[in-house]
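Below is one structure, written out as structure tokens, with a few remarks after it.
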Amino acid sequence: MAKNVLLDNVTHKDLKINPARGRHLGDAIGYAAIVPWEFRQVAANYPIFYRKTTNNQFEAVALFGFAPDENLFIDAAGWCGNYLPLSMERIPFSIGYTQDSATGHRQPVIHVDMDHPRVSATEGLPVFLPQGGNSDYLESINSILAELINGVTICQRYTDILQAEDLLEPFVLKIMLDNGAEVELGGFYTINEMVLRDLGAEQLARLHSQNFLELIYMSIASMANIKKLVSKKNKLLQF
């Protein structure tokens with residue numbers, strides 16, 4: 001269980017974060033959420049799928065493996081992919097909200113998971129400067145979290161339109177590995193290309209005007225990366 005607490009430069013003056021990547025550092029995950037301006041980089045490296053969240057909405061994800069705890073882009077040297085999604089790069093930090101007593105508006109604040117294996121008091125990148133100011137590392141985290149806040153809002157509009165146009169369909173991947181084992185991956189959605197081909201000019205124009213049509217085509221193109229995952233899985237089984 002995560003132990004998320006409000007980050008402050010007094011309580012956490014000695015806080016450090018291990019920047020390395022590995023299964024023992026929390027990277028043994030099969031997918032990670034992504035936001036729209038990551039699609040181009042993600043599509044060049046990983047398959048893009050969609051999944052229902054706990055509130056029955058959809059989010060876009062980059063797929064790393066064929067099981068919830070399988071990341072085929074982690075090896076002994078660390079992360080072997082060419083792009084690290086922002087939702088992974090920000091860990092162990094997250095956004096929380098506090099109520100402004102004067103205005104009543106919610107204000108975003110940074111939380112840190114003190115039980116995360118990257119957290120240390122002795123090794124890693126310092127979060128705060130000796131005088132109490134933000135380190136360069138924390139400033140980069142601030143920028144990432146801001147991008148994610150904006151990106152999640154846009155991604156929700158995008159997936160809402162995908163649902164409205166019936167452009168999402170359940171996807172089940174079944175493959176046979178070189179050793180004869182069968183792998184089945186379900187629980188995800190992908191773009192329904194038949195529906196996409198039948199969209200009218202007005203529908204396509206609406207998608208294009210919001211830059212969503214490009215995201216759709218990048219999602220479709222990213223499916224070529226499934227072969228990359230299968231190749232990595234077969235190579236792993238050789239050892």
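One-based numbering along the sequence shown. What you see is a predicted model; the values in this text were computed from it and never measured.
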Any idea which heavy atoms bring [X] and [Y] closest together, and the distance?
| X | Y | answer |
| --- | --- | --- |
| His111 | Leu6 | CD2-CA, 3.6 Å |
| Lys228 | Asn45 | NZ-O, 3.2 Å |
| Leu173 | Phe171 | CB-CE2, 3.4 Å |

Inset, instruction - Report the residues that fulfil side chain to side chain donor-acceptor pair (under 3.5 Å) with Ser120, sequence neighbours left out, ordered by chain and then residue number. - result: Thr122
Around atom [atom1] of [X], are there more than 12 heavy atoms of other residues, nucleotides or ligands at under 6.0 Å?
| X | atom1 | result |
| --- | --- | --- |
| Glu123 | CD | no |
| Glu182 | CD | no |
| Tyr217 | OH | no |
| Met194 | CE | no |
| Asn179 | CG | yes |

Inset, instruction - State whether Phe73 and Lys232 meet the cation-pi test: NZ (Lys) or CZ (Arg) under 6.0 Å from the six-membered ring centroid, and within 45° of the perpendicular axis. - result: yes
Inset, instruction - Could you pull out all residues at least two apart from Arg51 that satisfy salt bridge (Lys or Arg N to Asp or Glu O under 4.0 Å)? - result: Glu59
Without placing hydrogens or testing angles, list every side-chain donor-acceptor pair under 3.5 Å for residues 207-215, not counting sequence neighbours.
{"residue": "Ser209", "atom": "OG", "partner": "Ala205", "partner atom": "O", "Å": "3.4"}
{"residue": "Ser209", "atom": "OG", "partner": "Arg206", "partner atom": "O", "Å": "2.8"}
{"residue": "Glu214", "atom": "OE2", "partner": "Arg40", "partner atom": "NH2", "Å": "2.3"}

Inset, instruction - Please test Val127 against Lys16 for side chain to side chain contact (heavy atoms under 4.5 Å, CB included), starting from the C-alpha separation and ending with a verdict. - result: CA-CA 6 Å; Val127 175; Lys16 294 179 173 60; 6.0 Å; no
Inset, instruction - Assess the pair Tyr50 and Tyr189: is the distance between their ring centroids shorter than 6.0 Å? - result: no
Legend entry - Aromatic ring proximity, centroids under 6.0 angstrom, Tyr31 and Tyr46: no
Inset, instruction - For salt bridge (Lys or Arg N to Asp or Glu O under 4.0 Å), just list the numbers for Arg21 and Asp27, CA-CA rounded to whole Å, side-chain angles, deciding distance to a tenth of an Å, and then say yes or no. - result: CA-CA 7 Å; Arg21 292 283 155 183; Asp27 292 322; 3.0 Å; yes
Legend entry - Salt bridge Asp75-Lys235, side-chain N to carboxylate O under 4.0 Å: no
